[in-house]
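In what follows, a structure is listed as structure tokens, so that the remarks can point back to it.
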Number of protein chains: 2
Amino acid sequence: MPTCLDSAIISPFPTLRHQDKPLTEAPRRARRSSGRVTLADVARLAGVSPITVSRALRGERAVDSQLVEKVQQAADTLGYVPDPAARALASQKSTQVLVLVPLLSNALFVDLLEAVHRTLFPEGYQPLIGVTHYDSAEEELLLRTYLPHRPAGLLVTGFDRSETARQLIAQSGVPCVHLMETSNAPGVACVGFSQTDAGAAITRHLLERGRRRIAFCGAQLDPRVLQRAEGYRRGLREAGLYDPRLEMLSPERSSIALGARLFEEMLQRMPDIDAIFFCNDDIAQGGLLAAHRLGVAVPARIAMAGFNDLAGSDQMVPSLTTVRTPRSEVGREGAGMLLGMMRGAKPAVGSIELGYELVVREST
Amino acid sequence: MPTCLDSAIISPFPTLRHQDKPLTEAPRRARRSSGRVTLADVARLAGVSPITVSRALRGERAVDSQLVEKVQQAADTLGYVPDPAARALASQKSTQVLVLVPLLSNALFVDLLEAVHRTLFPEGYQPLIGVTHYDSAEEELLLRTYLPHRPAGLLVTGFDRSETARQLIAQSGVPCVHLMETSNAPGVACVGFSQTDAGAAITRHLLERGRRRIAFCGAQLDPRVLQRAEGYRRGLREAGLYDPRLEMLSPERSSIALGARLFEEMLQRMPDIDAIFFCNDDIAQGGLLAAHRLGVAVPARIAMAGFNDLAGSDQMVPSLTTVRTPRSEVGREGAGMLLGMMRGAKPAVGSIELGYELVVREST
DNA sequence: CTGAAAGCGCTTACAG
DNA sequence: CTGAAAGCGCTTACAG
């Protein structure tokens with residue numbers, strides 16, 4: 001039947017060209033065929049029961065290899081594609097994995113999502129992206145909307161969420177891995193690195209370069225930015241050089257334009273600074289551009305460092321010193337850990353600490 | 001029952017605290033309650049049939065307002081949340097909308113997705129993001145994977161896809177709107193703007209500035225980049241200044257780093273150029289930075305223009321002249337059109353042409 | 001305006 | 001290793 005094969009190639013749910021006669025001729029009222037090839041159709045062609053088809057196709061339990069072959073062939077012939085909704089309803093579990101990130105406009109999370117997709121998709125799970133905009137009410141709404149879909153797993157960013165969101169996750173029973181930060185709390189699965197240590201490391205680098213009046217510019221003020229600020233303080237206190245007036249924290253969303261503004265304000269407020277640690281590369285790039293515009297020499301007059309090593313930082317003039325964060329690794333390892341949990345491996349829960357890397361360039 | 005109310009606030013699918021006795025005591029074997037509050041539970045509490053609950057909650061068909069009230073109250077009391085899988089199976093249609101974009105690393109598509117989400121989500125539809133990486137095989141795989149979920153609608157980028165993908169979409173019967181480009185083909189729904197016209201407009205702007213040797217740098221070479229190139233050619237031909245040697249097309253993915261390389265190569269190959277039109281702001285930013293590094297005066301020696309008006313272009317030194325493209329409007333209007341189609345409005349199909357805006361800054 | 005019956009297309013839980 | 005029955009939780013299609 002070449003036409004059937006043809007349609008099997010083209011359509012994910014081909015219609016039966018030669019519609020079988022209904023097996024019973026009894027008066028049936030509510031008939032509403034979707035035109036879809038079903039498990040029953042495959043079973044009929046293969047001469048086995050639907051359950052056997054189900055098992056053969058999923059590779060679950062032992063099925064006679066000859067039957068598996070026959071079923072597979074029948075499924076191919078008809079172009080059978082399982083119905084995800086029926087599967088989800090019967091098994092109380094879908095193959096979608098809910099992934100909650102704060103923003104898509106930060107390249108960091110795009111890299112993270114790419115890695116998650118590359119890990120999950122080939123294993124039969126589909127990431128479902130939800131954007132929280134750093135807003136706990138939005139996060140709650142997303143959870144309320146998507147948890148009823150019974151996702152197979154859940155990937156969330158960090159630990160900072162409302163108590164309600166926390167309970168929604170816990171009560172759902174859906175396996176959950178936290179990304180970008182780590183924790184030692186029992187029963188918590190997470191993959192990340194120490195934002196605080198990384199912040200301290202880059203601060204020490206500036207100190208080693210001989211800088212003494214090192215400022216910190218932070219935007220957005222999400223937990224990870226605050227952890228970097230904490231690392232900055234630790235680094236300066238160790239050197240006995242901490243001065244709270246050198247900190248500038250803005251709740252505004254991080255951006256190149258904001259970085260330019262923060263730089264100008266900082267310079268005006270504390271003219272004696274000789275270095276700035278920006279909490280993210282985008283505001284650091286803005287700072288670099290503002291310095292260029294104002295004729296402030298970098299690093300001669302003021303050294304500048306960023307965080308995350310985003311696109312363009314290596315191209316800036318001067319190129320930007322920063323911290324390369326392992327977001328792709330976090331995505332890959334986090335998704336891998338979740339994979340283990342979704343498949344029922346309890347010991348997979350734990351905490352994975354990944355490193356970071358200082359990238360020294362011309363700006364310091 | 002305060003505990004029930006409590007749980008209704010917290011969980012999207014609370015368990016029944018006071019489990020009702022099974023109505024029949026007959027020997028039932030395959031019992032497998034999910035612990036979920038169902039339509040039947042609500043119906044029992046409200047004293048009506050499940051169908052009435054279904055209709056009252058969906059607002060479908062006329063239901064006595066008193067009953068609606070009673071049903072609503074029962075649903076609230078029990079914390080009822082409909083099961084999306086059951087709904088999708090029974091109605092052969094989910095509330096997810098598949099959105100296919102080439103890349104998340106281009107801020108353009110992030111803006112598009114934001115607008116789509118803001119339009120669709122409040123109306124009860126959830127965007128399901130798929131990334132094709134400008135690869136038709138990936139696009140096909142995404143369609144094969146997600147179409148069986150019977151999404152309520154489909155949003156795709158442009159018209160450039162394999163014949164198989166085209167057929168997959170057509171045969172699925174899922175309403176589909178094409179974004180970012182327009183077409184006059186009958187029965188095709190699309191929202192976009194003329195990339196060619198926009199490309200011609202910025203070329204004319206450079207001509208008006210007195211430039212005569214205007215180069216074009218294109219990366220990625222997706223259909224929209226090629227359309228901009230076509231506009232560039234049209235503009236130069238009108239002025240009798242077209243020279244194919246001024247075109248530099250690279251299949252590499254667009255990026256700041258690539259822009260720097262393209263600029264250097266272009267300058268070496270054609271030292272007499274006095275302007276460059278970059279197909280996208282990221283490579284234009286790279287060009288600007290490379291010029292700075294090499295000491296090439298912009299715009300004095302070479303004028304530079306980009307495309308899309310991405311983040312940072314207004315902060316560059318000199319700030320970048322570009323074309324502001326209406327991606328948020330495309331997302332909003334495209335999703336709005338799809339909304340009409342999903343609700344069964346046939347006349348909604350059509351072509352919406354949105355404008356673009358020349359943003360003249362210091363670089364030209 | 002309301003409802004009893006059937007059905008959507010799978011998998012679970014038992015049996016054998 | 002295979003299968004008949006029941007069930008997952010909704011909506012459709014008819015009736016009245």
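Just so it is clear: chains get the letters A, B, ... in the order the sequence lines come, proteins before strands, and each one is counted from 1.
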Would you check if the side chain of [X] reaches a backbone N or O of [Y] as a donor-acceptor pair within less than 3.5 Å?
X	Y	result
A:H178	A:A189	yes
A:R161	A:T157	yes
A:R87	A:D83	no

What's the closest nucleotide to the [X] side chain, out of [options]?
X	options	answer
B:T38	C:dA13, D:dG9, C:dG3	D:dG9
B:L89	D:dG9, C:dC1, C:dA4	D:dG9
B:A86	C:dT2, C:dC10, D:dG9	D:dG9
B:L39	D:dG3, C:dT11, D:dC10	D:dC10
B:Q92	C:dG9, D:dA13, D:dC10	C:dG9
A:R55	C:dA13, C:dC8, C:dC1	C:dA13
B:D64	D:dC10, C:dC10, C:dC1	C:dC1

Minimum-distance pair of heavy atoms, taken over all atoms of B:L338 and B:V97: CD2-CG1, 3.6 Å
Please check if the number of heavy atoms outside A:E123 that lie under 6.0 Å from its CD is greater than 12.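 Buried by this count: over 12 neighbours within 6.0 Å.
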Atom-to-atom span, [atom1] of [X] to [atom2] of [N] - whole angstrom:
X	N	atom1	atom2	answer
B:I51	C:dC1	CD1	C1'	13 Å
B:Y80	D:dC10	OH	C1'	7 Å
A:D83	C:dC10	CG	P	6 Å
A:R44	C:dG9	CZ	P	12 Å
B:R87	C:dG7	CZ	C1'	18 Å
B:L57	C:dT2	CG	P	14 Å

Side-chain N or O of [X] less than 4.0 angstrom from OP1 or OP2 on [N]?
X	N	answer
B:S91	D:dT11	no
B:R58	D:dT11	yes
B:S54	D:dC10	no
A:T52	D:dT2	no

Represent DNA chain D in dot-bracket notation, 5' to 3'. Only Watson-Crick or G-U wobble pairs with both distances under 3.5 Å count; pseudoknot-style crossings use [ ] and interstrand partners use |. |||.||||||||.|||
Within-4.5 Å side-chain heavy-atom neighbours: B:E69 and B:L67: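 No - every pair of side-chain heavy atoms lies 4.5 Å or more apart.
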Toward the 5' end of DNA chain C, which comes first, A:A85 or B:G47, by nearest nucleotide? B:G47
Please evaluate residues B:S162 and B:E140 with respect to the criterion side chain to side chain donor-acceptor pair (under 3.5 Å), reporting the C-alpha separation (whole Å), side-chain torsions for both, the decisive distance (0.1 Å), and the verdict. CA-CA 8 Å; B:S162 70; B:E140 269 181 51; 2.8 Å; yes
Hey, can you tell me if A:H149 and A:Y146 have their rings parallel, tilted or perpendicular (30° and 60° cut-offs)? tilted
